[in-house]
Amino acid sequence: MSASSQTKPTPSPRLSATILLLRDGAQGMEVFMVVRHQQIDFASGAMVFPGGKLAPGDSEARVHARCRGIDALSTDEIALRVGAIREAFEESGILLAHRGSDGGAIAPDRLETLGARYRRGLDRGEIAMADMLETEDLVLDCGALVPFAHWVTPTFMPKRFDTFFYVAKAPADQLGVHDGHEAVDSAWLRPADIVVDEAAGRRTLVPATMLNVKKLGRSDSVAAALEAARTQPIVTVQPELVQGPPNAVLKIPEAAGYGVSEFRMSLPV
């Protein structure tokens, strides 16, 4: 790491949220993953969970009026869940929502229409989440999201995020498809297979994603993963640099439950 980079002011982390969308497949539990476009300025080309930065509209009262499962949540906690659901819809087409009229599930053909009508506009900030929910009479299922992890990017990184991870069961008839813009590929994968593929060089994951994949892999079903998330405390992880680049060693709290207290990652000199 150069002397000039060490003297730059530490950027404040931006709030972000992501969802580990889960389903029980024929060979075991699977999680939906997307591959980020090579031109994206953060984790380009890496396999990640759908998610991203919070938008101003995620905090709108009009949106929160169309959320369910929020009785015990603060305004900030609701905004994080809204942001996670919005980002997942933009990047995967999976929408954790119900019809407002009767609480029923969204039919697959209607979901396809909603995706074509709103995904790109939401991503570009051209359509407000509140407008979509009101126009289409939808209610977000914030109660389906269970907190899973909380990571803050290390202070030495040029781009920093304060990211809240959630787990949620994907609706049975929503298969998911990448947006073709930020995400250029997608797949439902078993956590164990992701670990094997990454070790063989077939997939690229940033350390935080890989550690969360491994943690998720301790559960063999969606029900078990949700129960584990409900019962395990969330410990904030902000990795600390204990050995400099290029093969840096970063330290994380043992209490965070990843089974390791250090991990390595490549950093520019």
Side-chain angles (χ1 to χ4, degrees), residues 15-23 31-32 34 49-150 162-179 182-183 222 225-226 229-230 234:
L15 273 177
S16 63
T18 187
I19 307 180
L20 285 64
L21 292 162
L22 309 177
R23 74 178 187 186
V31 60
F32 188 79
V34 298
F49 311 115
K53 299 184 294 292
L54 263 63
D58 297 334
S59 300
E60 279 192 42
R62 290 167 58 203
V63 174
H64 292 193
R66 287 193 161 268
C67 295
R68 79 173 194 180
I70 61 173
D71 293 346
L73 302 178
S74 68
T75 300
D76 289 343
E77 289 171 328
I78 299 170
L80 284 164
R81 285 162 174 78
V82 170
I85 293 173
R86 174 185 53 75
E87 284 283 342
F89 178 55
E90 291 172 11
E91 294 189 5
S92 73
I94 295 174
L95 181 59
L96 298 177
H98 299 277
R99 298 193 301 264
S101 57
D102 58 7
I106 302 171
D109 57 344
R110 189 181 180 208
L111 180 67
E112 185 176 352
T113 300
L114 291 171
R117 185 176 298 166
Y118 294 105
R119 285 176 69 185
R120 190 65 174 144
L122 286 169
D123 179 52
R124 291 176 170 177
E126 299 168 350
I127 298 175
M129 187 69 162
D131 290 341
M132 182 188 88
L133 297 178
E134 292 174 353
T135 300
E136 303 294 341
D137 188 25
L138 299 173
V139 175
L140 299 182
D141 190 6
C142 293
L145 276 64
V146 181
F148 181 76
H150 179 209
D162 184 351
T163 305
F164 290 79
F165 294 79
Y166 299 92
V167 288
K169 182 178 181 179
D173 54 1
Q174 296 190 30
L175 301 181
V177 61
H178 53 279
D179 62 10
E182 288 190 18
V222 174
L226 294 175
R230 291 188 185 101
I234 303 297

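One-based numbering along the sequence shown. Everything numeric here is computed off the predicted structure, so don't read it as measured data.
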Kindly compute the distance separating OH (Tyr118) from CG (Leu133), expressed to the nearest 0.5 Å.
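CG of Leu133 is found 9.0 Å from OH of Tyr118.
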I need the Ser101 OG to Leu138 CG distance, nearest 0.5 Å.
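Result: 9.5 Å between the selected atoms.
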What pair of heavy atoms forms the shortest contact from [X] to [Y], and how long is it?
{"X": "Leu96", "Y": "Ala168", "value": "CD1-CB, 3.9 Å"}
{"X": "Gly57", "Y": "Val63", "value": "O-CG2, 3.5 Å"}
{"X": "His98", "Y": "Gly103", "value": "ND1-O, 3.6 Å"}
{"X": "Gln174", "Y": "Gly93", "value": "OE1-O, 4.1 Å"}
{"X": "Pro147", "Y": "Leu145", "value": "CD-O, 4.0 Å"}
{"X": "Pro50", "Y": "Ser92", "value": "CG-CB, 4.3 Å"}

Which of these passes side chain to side chain contact (heavy atoms under 4.5 Å, CB included) with [X]: [options]?
{"X": "Leu15", "options": "Asp58, Asp76, Thr163, Leu80", "answer": "Leu80"}
{"X": "Thr18", "options": "Phe148, Phe165, Phe164", "answer": "Phe165"}
{"X": "Val167", "options": "Leu22, Ile19, Val31", "answer": "Leu22"}

Would you say Arg81's side chain and Glu77's backbone share a donor-acceptor pair under 3.5 angstrom?
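Answer holds: yes.
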Quick one, Ile85 with Cys142, criterion side-chain contact (heavy atoms from CB on, under 4.5 Å). Give me CA distance, side-chain angles, the key distance, then yes/no.
CA-CA 8 Å; Ile85 293 173; Cys142 293; 4.2 Å; yes
Strictly below 4.0 Å, N to O, side chains only: are Arg86 and Glu90 in salt-bridge contact?
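The answer is yes: the pair qualifies as a salt bridge.
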Indicate yes or no: does Arg68 engage Asp141 in a salt bridge with an N to O separation below 4.0 Å.
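Yes, charged N to carboxylate O under 4.0 Å.
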[Y] and [X], any side-chain heavy atoms less than 4.5 Å apart:
{"X": "Leu54", "Y": "Glu87", "value": "no"}
{"X": "Asp131", "Y": "Arg62", "value": "yes"}
{"X": "Ile106", "Y": "Glu136", "value": "no"}
{"X": "Met129", "Y": "Leu140", "value": "yes"}

Does Arg119 form a side-chain contact (heavy atoms from CB on, under 4.5 Å) with Leu114? I'd like the steps, not just the answer.
CA-CA 8 Å; Arg119 285 176 69 185; Leu114 291 171; over 6 Å; no
